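Just so you know, these numbers use all the heavy atoms, side chains as well, and skip hydrogens, waters and symmetry mates. Computed from a predicted model, the values in this text were never measured in an experiment. Quick note: residue numbers are just sequence positions, from 1.
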Amino acid sequence: MKIHRFVFNPLQENTYILWDDTSECVTVDAGNLSAREDRALSDFIEAQGLKPVAAVNTHGHFDHLAGASYVCATYGVPFAMSSKDAFLLAAASQTARMYGVETGETPSKIDIDLDASDSFTFGNTTLRVIPVPGHTPGHVALFEPDSGTLLSGDTLFRESIGRTDLAGGDYSWIMRSILEKIMPLGDEVRVLPGHGEETTIGHESLYNPFIVEVLNDEVNYR
C-alpha cells in the first residue's frame, strides 16, 4: 500500500490518499476546502493514474470532511463513515461557521456505514476498521496489517491525543480506545494522525504524556 499526505484547510488537517498495485485508491478524511486544494488533490490522482473508489472518513468533524462531497461528485464514489457520527455530519456546515470557516457542500448521507463492518477493501488492500470512540462517538481508526500502518484520525497524535471537550467527546473512552485497542497493535506500527506529523506506537508509549501518566498509575482513566 502506498500513501500520500496533503495538509489542507485552515485547521491544517491531514488528508491521505491510499492506493496499491491495482491503482484503485481511497481518500481518507478529505479536507480539501478551496479550489486550489481541490486541484492539488485531483492533479495528484491524475498524475499517478489512480482510480478513486471511495471517500472514507475516520470521523465526522468538518475539517476532515470538507472535501468529501468534491471527491464523491467528481469521481462518482460512495462516502464511508460510522453512522454514530451522523449527527456531526448534519451539523458540519454550522459548526464550521463557528470557527469562521465556510465548508460549502458536505455529504448529505453516509453510503457505507463503517459501524456495520470490521473491514474496508479497495483493490488488493483490506483496511481493518477499529472503533475508537472518545474524540467522537463514531470515530474509527484504519489499520493495514501488512504494512503495519494505522490511520488514527483525531484519536492519537504525536505526543498528544484528540480533544474530548467537543460534542460527543469523552476522555475515559478515548483513553480506553488508545490503551486497549491501539497500543496492543505493537510498538513498530506507524501512526498517521489527522493533524501533525506521523509517529509510532512505541514512541507514544514512551513520550506521550497522556499515555505515560496512565502507564505510571498517575491517572485512572476509567
Side-chain angles (χ1 to χ4, degrees), residues 1-6 8-9 13-33 35 37-46 48-93 95-96 103-133 135-145 149-155 168 192 194:
M1 183 179 72
K2 298 180 181 179
I3 304 171
H4 183 80
R5 177 183 72 142
F6 293 95
F8 283 151
N9 71 53
E13 180 267 351
N14 290 334
T15 293
Y16 297 98
I17 297 181
L18 315 181
W19 73 100
D20 62 19
D21 56 2
T22 69
S23 293
E24 287 195 358
C25 74
V26 296
T27 60
V28 176
D29 291 349
N32 42 301
L33 186 59
E37 292 176 344
D38 292 346
R39 285 195 301 272
L41 186 74
S42 288
D43 285 351
F44 181 86
I45 289 171
E46 181 178 351
Q48 297 294 322
L50 302 180
K51 178 186 177 183
V53 296
V56 183
N57 263 64
T58 60
H59 65 293
H61 284 154
F62 75 88
D63 53 321
H64 290 257
L65 55 78
S69 285
Y70 172 81
V71 173
C72 292
T74 301
Y75 300 104
V77 300
F79 175 62
M81 191 178 76
S82 168
S83 59
K84 289 181 178 177
D85 273 6
F87 74 103
L88 294 171
L89 180 63
S93 296
T95 304
T103 61
E105 184 180 357
T106 55
S108 60
K109 63 184 179 69
I110 298 169
D111 301 305
I112 300 173
D113 183 5
L114 296 183
D115 192 54
S117 178
D118 60 4
S119 65
F120 183 91
T121 298
F122 67 95
N124 293 324
T125 302
T126 297
L127 302 173
R128 180 178 161 197
V129 177
I130 305 174
V132 286
H135 182 62
T136 69
H139 202 303
V140 300
L142 303 170
F143 181 55
E144 204 285 298
T149 302
L150 180 79
L151 289 94
S152 62
D154 283 4
T155 295
L192 304 180

For the pair Met1 and Thr149, evaluate side-chain contact (heavy atoms from CB on, under 4.5 Å) and give the outcome as yes or no after the intermediate values.
-> CA-CA 9 Å; Met1 183 179 72; Thr149 302; 4.2 Å; yes

Ser83 side chain to Ala86 backbone, donor-acceptor under 3.5 Å | no

Main-chain N/O of Gly31 paired with Asn9 side-chain donor or acceptor, under 3.5 Å | yes

Side chain to side chain donor-acceptor pair (under 3.5 Å) between Ser119 and Thr126: does it pass, once the steps are laid out?
-> CA-CA 7 Å; Ser119 65; Thr126 297; 6.0 Å; no

In short, salt bridge (charged side-chain N to carboxylate O under 4.0 Å, His left out) pairs touching residues 68-90 with sequence neighbours left out are Lys84-Asp115

Side chain to side chain donor-acceptor pair (under 3.5 Å) evaluation trace for Asn124 with Thr22 | CA-CA 7 Å; Asn124 293 324; Thr22 69; 5.4 Å; no

Indicate the atoms forming the closest heavy-atom contact of Ala92 with Leu65, along with that distance.
-> CB-CD1, 4.0 Å

Asp111 side-chain N/O to Phe79 backbone N/O, donor-acceptor pair under 3.5 Å | yes

Just wondering, do Val26 and Val53 contact through their side chains at under 4.5 Å, heavy atoms?
-> yes

How many angstroms lie between atom CD of Glu105 and atom SG of Cys72, to the nearest 0.5 angstrom?
-> 9.5 Å

Are Glu13 and His61 side-chain neighbours, meaning at least one heavy-atom pair lies under 4.5 Å?
-> no

So, the side chain of Glu37 versus the backbone of Leu33: is there a donor-acceptor pair under 3.5 Å, distance only?
-> yes

Stepwise side-chain contact (heavy atoms from CB on, under 4.5 Å) check, Met81 with His59 = CA-CA 7 Å; Met81 191 178 76; His59 65 293; 5.7 Å; no

Spacing of Glu24 atom CD and Phe122 atom CZ [to the nearest 0.5 Å] | 8.5 Å

OH on Tyr70 to OH on Tyr75, rounded to 0.5 Å = 5.0 Å

Compare every heavy atom of Pro133 with every heavy atom of Pro131, then report the nearest pair and how far apart it is.
-> C-CD, 3.5 Å

Using a distance-only test with no angle check, is there a side-chain donor-acceptor pair under 3.5 angstrom linking Thr106 and Ser69?
-> no

What is the distance from atom CZ of Phe8 to atom CG of Leu41, rounded to the nearest 0.5 Å?
-> 5.0 Å

Would you please name every residue forming a side chain to side chain contact (heavy atoms under 4.5 Å, CB included) with Val129, sequence neighbours left out?
-> Leu114, Phe120, Val140, Leu142

Any side-chain heavy-atom pair of Pro52 and Ile45 under 4.5 Å = yes

Working to the nearest 0.5 Å, report the span between CD1 of Ile3 and CG of Leu151.
-> 6.0 Å

Note: Asp154 and Gly194 closest approach over all heavy atoms is OD1-CA, 3.6 Å

For Thr58 and Asp29, does a side-chain donor sit closer than 3.5 Å to a side-chain acceptor?
-> yes

How close do Asn14 and Tyr16 get, heavy atom to heavy atom, and via which atoms?
-> ND2-OH, 3.4 Å

Is a side-chain donor-acceptor pair under 3.5 Å present for Asn32 with Asp38?
-> yes

Gln48, CD: over 12 other non-hydrogen atoms inside 6.0 angstrom = yes

Closest heavy-atom pair, Thr27 versus Ala30, reported as atoms and distance to 0.1 Å, is OG1-CB, 4.1 Å

Spatial distance of atom NE2 (His64) from atom CZ (Phe62) [nearest 0.5 Å] | 9.0 Å

Could you walk me through whether Leu50 and Ile17 pass side-chain contact (heavy atoms from CB on, under 4.5 Å), step by step?
-> CA-CA 10 Å; Leu50 302 180; Ile17 297 181; 4.0 Å; yes

Are side-chain N/O atoms of Ser93 and Thr103 paired as donor and acceptor at under 3.5 Å?
-> yes

Taking the six-membered ring where the residue is Trp, are the ring centres of Phe6 and His4 under 6.0 Å apart?
-> yes

Between Gly60 and Leu88, what is the shortest heavy-atom contact and its length?
-> O-CB, 3.5 Å

